[in-house]
Visitor: 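Mind looking over this structure? Questions follow.
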Number of protein chains: 2
Amino acid sequence: MYNRIVDMYTLSEENYLKTIYRLAQADGKITPTAIAESLGNNPASVVDMIRKLSEKQLIEYDKKKGVKLTAQGLKDAVLIVRRHRLWEVFLLEKLGYHWDEIHDIAEELEHINNDTLADRLDKFLGFPEYDPHGDPIPKANGKMAKPYSVTLAAMKAGSTCEVAAVRDTSSAFLQYLAKLNIGIGTKIQLIEKISFDNSLVISINGKEHTTVSQKFGDNILIE
Amino acid sequence: MYNRIVDMYTLSEENYLKTIYRLAQADGKITPTAIAESLGNNPASVVDMIRKLSEKQLIEYDKKKGVKLTAQGLKDAVLIVRRHRLWEVFLLEKLGYHWDEIHDIAEELEHINNDTLADRLDKFLGFPEYDPHGDPIPKANGKMAKPYSVTLAAMKAGSTCEVAAVRDTSSAFLQYLAKLNIGIGTKIQLIEKISFDNSLVISINGKEHTTVSQKFGDNILIE
DNA sequence: AAATAAAATTAGGTTTGACTAATTTTATTT
DNA sequence: AAATAAAATTAGTCAAACCTAATTTTATTT
Ligand SMILES: [Mn+2]
Ligand SMILES: [Mn+2]
Ligand SMILES: [Mn+2]
Ligand SMILES: [Mn+2]
């Protein structure tokens, strides 16, 4: 049995695959508009690419069900995500970048492909399980740990948790976290939920209380 | 005084700059045909790009004198070369690639740019002076050691040398060298030059004699 | 100096992946 | 159910970076 010849996708095709993969992690159907927003492209352009990727059998598009990755598309998307997250670990751990600087560089590095590059990098980094934002790194076979999914905002008042991952990886959010001294592994106690607007009063690493928004709490994933 | 906004060149522009830089190291004028051959493109396409790069003031083209990099073009080309050679060191030393596998991957990595990436990589690698093929690595300011230029073929019979660099970095040549147990630092004694075709009878690391072609000798640079 | 060959250039075309503007389809309000 | 709004799609355009084929310029032979 012959394997498809894969992995000679264009940069754009790869970015679309990865975006569709990411949108598929959330709930709801994947529409041209959603993809367009996510990539900062025009929906008309997305429709073109949907056609192209459908012809290549990497996705299936049904008006009702939206866009879905095929088995092949999923396999390929996961490998791009693997490369992205491995490079993020490299940039942070080996080159000393801060966690708010690595995403954009990894966005380019992820497209460099070579039979063994990801696997060698993986080995060099000591086979990390999670990237610097707490996202699981797919193994060469596509398997990976289940992503964290419980948010700080969903916790009940009084309980304590440990930060496992961040959902939003924008500089704005990550720099705000840095200012608050919050990183992966930080212990947070939820003191009180303000019922008016769901603001959260928290204690960071046992320090004095701080108030953060619901949006903030929605973007912190806990163990 | 304002600096030009640089470093947002396309992949193609960067590859042209680097090729022109490389051709400038050799002697003779740089013609559209030479660039075309070097890049595997059609001369007509090269003429297009010569126009584009001229407009951007990265090169100057004179029918008589051929293509020349401007001060700005040279500066930028050298930084691309810097990235290329640093990544080659990384791939060999950190990821364990063989020296005949690294060029093609570096050919892609060199285009990834970020204010501090090259400098951080440089530091991480311990500020290497030479890449795995013996080519000097430009510093952030553009300065670099003088490239090796004396060839094995130019040596006089009887003398001994140490391999400092290879001129040809094709897999074919590098694998041949590996088979002969020749690498950077290998000691070679030139036993005899066959006057008929300039073949070279050499002794590698003091071992028994081997005969190699003039072309071979032209592509080995010595200390 | 002609003739010929080689190199450079022009003209026109293709593909990829964007775009805008117009239209059609689908969903939401009233 | 009609009206309206939103989303999806089509049609046509554009720039980048390549190409081929034809032409012009330059270099080399005879
Ligand atoms: Mn990307
Ligand atoms: Mn990440
Ligand atoms: Mn390159
Ligand atoms: Mn090299």
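Letters go in sequence order (proteins before strands), and every chain restarts at 1.
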Visitor: Check the distance between dT26(D)'s P and K63(B)'s NZ and give it to me in whole angstrom.
Guide: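 Whole-Å distance recorded here is 4 Å.
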Visitor: Any salt bridge between E129(A) and R85(A), counting N to O under 4.0 Å?
Guide: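 Salt bridge between E129(A) and R85(A), a charged N being under 4.0 Å from a carboxylate O: no.
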Visitor: Would you say the ring centers of Y148(B) and Y130(B) fall short of 6.0 Å from each other?
Guide: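 Under 6.0 Å, so yes.
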Visitor: Between dT9(D), dG17(C), dA18(C), which nucleotide has the shortest distance from any of its atoms to the side chain of Y16(A)?
Guide: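 Minimum distance to the Y16(A) side chain belongs to dA18(C).
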Visitor: Hey, which of these two, P32(B) or M49(A), hits DNA chain C nearer its 5' end, going by closest nucleotide?
Guide: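 Its nearest nucleotide being more 5', the pick is P32(B).
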Visitor: What contact category does G66(A) fall into here, base, sugar-phosphate, or nothing, at under 4.0 angstrom with non-hydrogen atoms?
Guide: nothing
Visitor: From C-beta outward on T10(A), which listed nucleotide comes closest to its side chain: dC18(D), dT16(C), dT10(D)?
Guide: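 Minimum distance to the T10(A) side chain belongs to dT16(C).
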Visitor: Output the single nucleotide from dA21(C), dC18(D), dA18(C) whose closest atom is nearest the side chain of D48(B).
Guide: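 The nucleotide sitting nearest to the side chain is dC18(D).
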Visitor: Return the orientation label for the F124(A) and F90(A) ring planes: parallel under 30°, perpendicular over 60°, tilted otherwise.
Guide: tilted
Visitor: R82(A) vs E110(A), test: salt bridge (Lys or Arg N to Asp or Glu O under 4.0 Å). Steps then yes/no.
Guide: CA-CA 8 Å; R82(A) 169 171 162 79; E110(A) 71 190 0; over 6 Å; no
Visitor: Without swapping roles, check the side chain of E101(B) against the backbone of H98(B) for a donor-acceptor pair under 3.5 Å.
Guide: yes
Visitor: Can you measure E14(A) atom CD to dT16(C) atom C1' for me and round it to whole angstrom units?
Guide: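 For the pair E14(A) CD and dT16(C) C1', the rounded distance is 15 Å.
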Visitor: Only pairs with both distances under 3.5 Å count, Watson-Crick or wobble alike; so what is the partner of dT28(C) in this structure?
Guide: dA3(D)
Visitor: Rounded to the Å, how far apart are N15(B) CG and dA16(D) C1'?
Guide: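 N15(B) atom CG is separated from dA16(D) atom C1' by 14 Å.
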Visitor: Using whole Å, what does the distance between atom P of nucleotide dG12(C) and atom CG of N42(B) come to?
Guide: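 Those two atoms, CG and P, are 17 Å apart.
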Visitor: Write down the distance between CG (L39(B)) and C1' (dC19(D)), rounded to a whole number of angstrom.
Guide: 15 Å
Visitor: Give the nucleotide from the list dT10(C), dT9(D), dA16(D) with an atom nearest to the side chain of Y61(A).
Guide: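 It is dT9(D).
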Visitor: For S12(B), report the nucleic acid contact type (base, sugar-phosphate, nothing); a contact means any heavy atom under 4.0 Å.
Guide: sugar-phosphate
Visitor: Nearest-nucleotide wise, let me know which of P43(A) and T31(B) is further upstream toward the 5' end of DNA chain C.
Guide: T31(B)
Visitor: Tell me, please, whether Y9(B) has K56(B) positioned over its six-membered ring: NZ or CZ under 6.0 Å from the ring centre and within 45 degrees of its axis?
Guide: no
Visitor: Can you figure out which of dA16(D), dC19(D), dT16(C) approaches the side chain of K52(A) most closely?
Guide: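 The answer is dT16(C), which lies nearest to the side chain.
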Visitor: Provide, to the nearest angstrom, the distance between the CG atom belonging to N41(A) and the P atom belonging to dT16(C).
Guide: 17 Å
Visitor: Across all strands, who's sitting opposite dC14(D) as a Watson-Crick or G-U wobble pair, both distances under 3.5 Å?
Guide: dG17(C)
Visitor: Provide, to the nearest angstrom, the distance between the NZ atom belonging to K65(B) and the P atom belonging to dT26(D).
Guide: 16 Å
Visitor: Does R51(A) make a side-chain N or O approach to OP1 or OP2 of dT10(D) shorter than 4.0 Å?
Guide: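 Yes, R51(A) has a side-chain N/O under 4.0 Å of OP1/OP2 on dT10(D).
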Visitor: Taking only N and O in the side chain of S45(A), is any of them less than 4.0 Å away from OP1 or OP2 of dC19(C)?
Guide: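 Checking dC19(C) against S45(A), a side-chain N or O does come within under 4.0 Å of OP1 or OP2.
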Visitor: In this structure, how many angstroms lie between the P atom of dT16(C) and the CD1 atom of I50(A), rounded?
Guide: 18 Å
